[in-house]
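Lettering of chains follows the sequences in order, A, B, ..., and the numbering in each one begins at 1. Hydrogens, waters and symmetry mates play no part in the numbers below; they use all other heavy atoms, side chains included.
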Amino acid sequence: MDFDLSDEQRLLRDTVRDFARQDVAPVAEELDRTKSFPYELVTKMGSLGLMGIPFPDEYGGGGADTLTYALAVEELTRIDSSVAITMAAHTSLGTMPIHLWGSDEQKRDWLPLLCPGEKLASFGLTEPEAGSDAGNTKTTAKLEDGEWVINGAKQFITNAGTDISGCVTITAVTGDADGRKEISNIIVPNGAPGYEQGEPYRKMGWNASDTRPLVFEDCRVPEGNLLGRRGDGFKQFMQILDGGRIGVAAMGVGLAQGALDEAISYAKERRAFGQPISKFQAIQAKIADISAQIEASRLLVYRAAIEKDRGDPFTLTAAQAKLITGRLAVRATEEAVQIHGGYGYIEEYPVCRFYRDAKILTIGEGTDEVQQMVIARRLGC
Amino acid sequence: MKICCLVKEVPDAAVQKRINPETKRLDRSGEKNLNPFDTHAIEAAMQLKEGGDVEVDEIVAVTMGPDSAVRALHKAVALGADRSLHLTDGALEGSDVAATGYALAKLLESESPDLVLLGQQSDDGECYTIGAVVADHLKMPSLTQVIKMDAAGGKLTLERQAEYGYDTVEVELPAVISVGDAINEPRYPSLKAIMGAKKKPLDTKSTADVGIEADRVGEGGSRTAVLEINPPPAKESGEIIEDEDTNETVEKIVAWLDERKLI
């Protein structure tokens, strides 16, 4: 078993680590406080090639593997989750479907804009009554005169309402097949008539990322905007979610690591009863436990990424990784706040933001309960 | 113009530095990285190339070190160098500064550079001297602590950081220049450059390839020997004056300072 990263993986990880510390860290608190989308950072990430890591070189992507992508997501989240999810959602949810199933024309139209981050892509699956239970999708798309006419609503969609949002790939019911709903994916560009983005949500965390409800009212897009084959929508988004879980799991590891970094540095500085609190067993136990869990989880995330890169089945590992890293992030950020004491409860210290940012990781891209369902099914239950 | 940038692989800044008591050398196991000071030298070379005041034909990253040092070269070419040169040979192990400078100079002779750039110090040995040693062997002028560099008419106008302010000097090429970290803000390597790093030419040379005399390098060829390594003496704890009566405290502080002729 080879636990070494390749030169490229290591170099990119170090680069993103430097970038996150030098360019993201100084502005993260303000972006969160003012709920401002990180346009400038997206531009910088685009020029570094971080907005299209796993996509082919010919379309302006990095041509790198999933593990490289996971390393980049982890290092960004170690400093700020909003910036990380902006990049991760754009990559694994927004751009990935077009890369995987787009026609040559769709790829030529979109990938050269999406890979360098000039435009952002998003993925519209979740509805008021459907998310992981996509069979309950209510949004419809009907073919009329060579156009899809889309009606319905999506919610909790990342990256759809920024000044640089380019398109959203949505799931819609396009008919019935054998008494079951036929679900297809359709690319809807921003600016399409009848497509509106609602006001951003007031969230617990991820404040600098763009999350909105979307409304489609007789929205018309050309027939050619169908992504892949008609009726493949269910299969396609299941695959997208599988891959997306690796990114979200990498966020869990990164956030836990970021919380641990802050906790250790604070504990060594803060003195009580005549010594740094890092010398107290109670604090040491927290730090030791979290660090051990981070190392174990990190290996699982990397393994899921490596399985995907090898073309092996990775659904089980990705779901396991997502399940344990989300919980770990919640626990690690809570302990980091605890170690900071009162200072952890005020926003001057990053752990306060980390704590608010953590909870979504047990919810987004399939709740813990859905991960358990995926895992149990794979185990034959 | 051909620019050679001297680079070095050093233990990552995050790694706790430790001396191996047996070899009396720095323990270089663990994560390693390109010496951060050298990234300023590469950036300076890139800015000369992109600035357009001189025609820079190529930038060559040059290092001496074990096999693993190839990683530092990969980073150097990802940062913009066109190709790299790796001097590696068991015979070089244990070379001191003078021996290393000699070996690097022999390696550089084979390239005939117009300009040699390097970082002002390495993040591990921190000798600040290798540039001067290399320059001496190459019979080139040596400039250190350079924080600004402008090229025009085959000459470079440089600003050197001095104790107070800076000196402005002009130098004709070829020259060896070590740059301070205030000279520029190194760029990040892009993912594209990282993925392309291994496609850039890398030449590996042994001591024999570049005519290095074996008895002038390595532990045996080094004229210095480390006899002992000790940590610096611990700082004596200061005198703490408890503030019970402020007037009295002030008097005590004044008396303490007066005793040492500080006021």
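- Neither the backbone nor the side chain of A/L50 comes within contact range of chain B; no heavy atom of the residue lies under 4.5 Å from a heavy atom of that chain.
- Among all heavy-atom pairs drawn from A/L11 and B/A78, the shortest one is CD2-CB, 4.2 Å.
- Of the two parts of A/S6, neither the backbone nor the side chain holds a non-hydrogen atom closer than 4.5 Å to a non-hydrogen atom of chain B.
- Taking both residues in full, the closest heavy atoms of A/S47 and B/S190 are given as O-CB, 4.0 Å, listed atom of the first, atom of the second, then distance.
- When every heavy atom of A/D7 is checked against every heavy atom of B/R71, the shortest pair comes out as OD1-NE, 3.0 Å.
- Other residues, nucleotides and ligands contribute at most 12 non-hydrogen atoms within 6.0 Å of the CZ atom of A/R303.
- Other residues, nucleotides and ligands contribute more than 12 heavy atoms inside 6.0 Å of the CD atom of A/E295.
- Contact check on A/R13 versus B/E31 returns a salt bridge, with a Lys/Arg side-chain nitrogen under 4.0 Å from an Asp/Glu carboxylate oxygen.
- Atoms OH and CG, on B/Y188 and A/D14 in that order, are 12.5 Å from each other to the nearest 0.5 Å.
- The shortest heavy-atom contact between A/D57 and B/K192 is OD1-NZ, 3.4 Å.
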Report the C-alpha distance between B/K198 and A/E8 in whole Å, list the side-chain angles of each, state the deciding distance to 0.1 Å, and finish with yes or no for side-chain contact (heavy atoms from CB on, under 4.5 Å).
CA-CA 9 Å; B/K198 282 186 183 159; A/E8 289 85 355; 3.3 Å; yes

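- How far CZ of A/R10 is from CG of B/N33: 9.0 Å, rounded to the nearest 0.5 Å.
- Neither the backbone nor the side chain of B/A193 comes within contact range of chain A; no heavy atom of the residue lies under 4.5 Å from a heavy atom of that chain.
- The nearest pair of heavy atoms linking B/L191 to A/G49 is CD2-O, 3.4 Å.
- Atom NZ of A/K268 sits in a sparse spot, with 12 or fewer heavy atoms from other residues, nucleotides or ligands closer than 6.0 Å.
- The environment of CD in A/Q275 is crowded: more than 12 heavy-atom neighbours from other residues, nucleotides or ligands sit within 6.0 Å.
- Summarising the local packing, CD of B/E50 is surrounded by more than 12 heavy atoms from other residues, nucleotides or ligands at distances under 6.0 Å.
- Under a cut-off of 6.0 angstrom, the local environment of CD in B/E93 is sparse, with at most 12 non-hydrogen atoms contributed by other residues, nucleotides or ligands.
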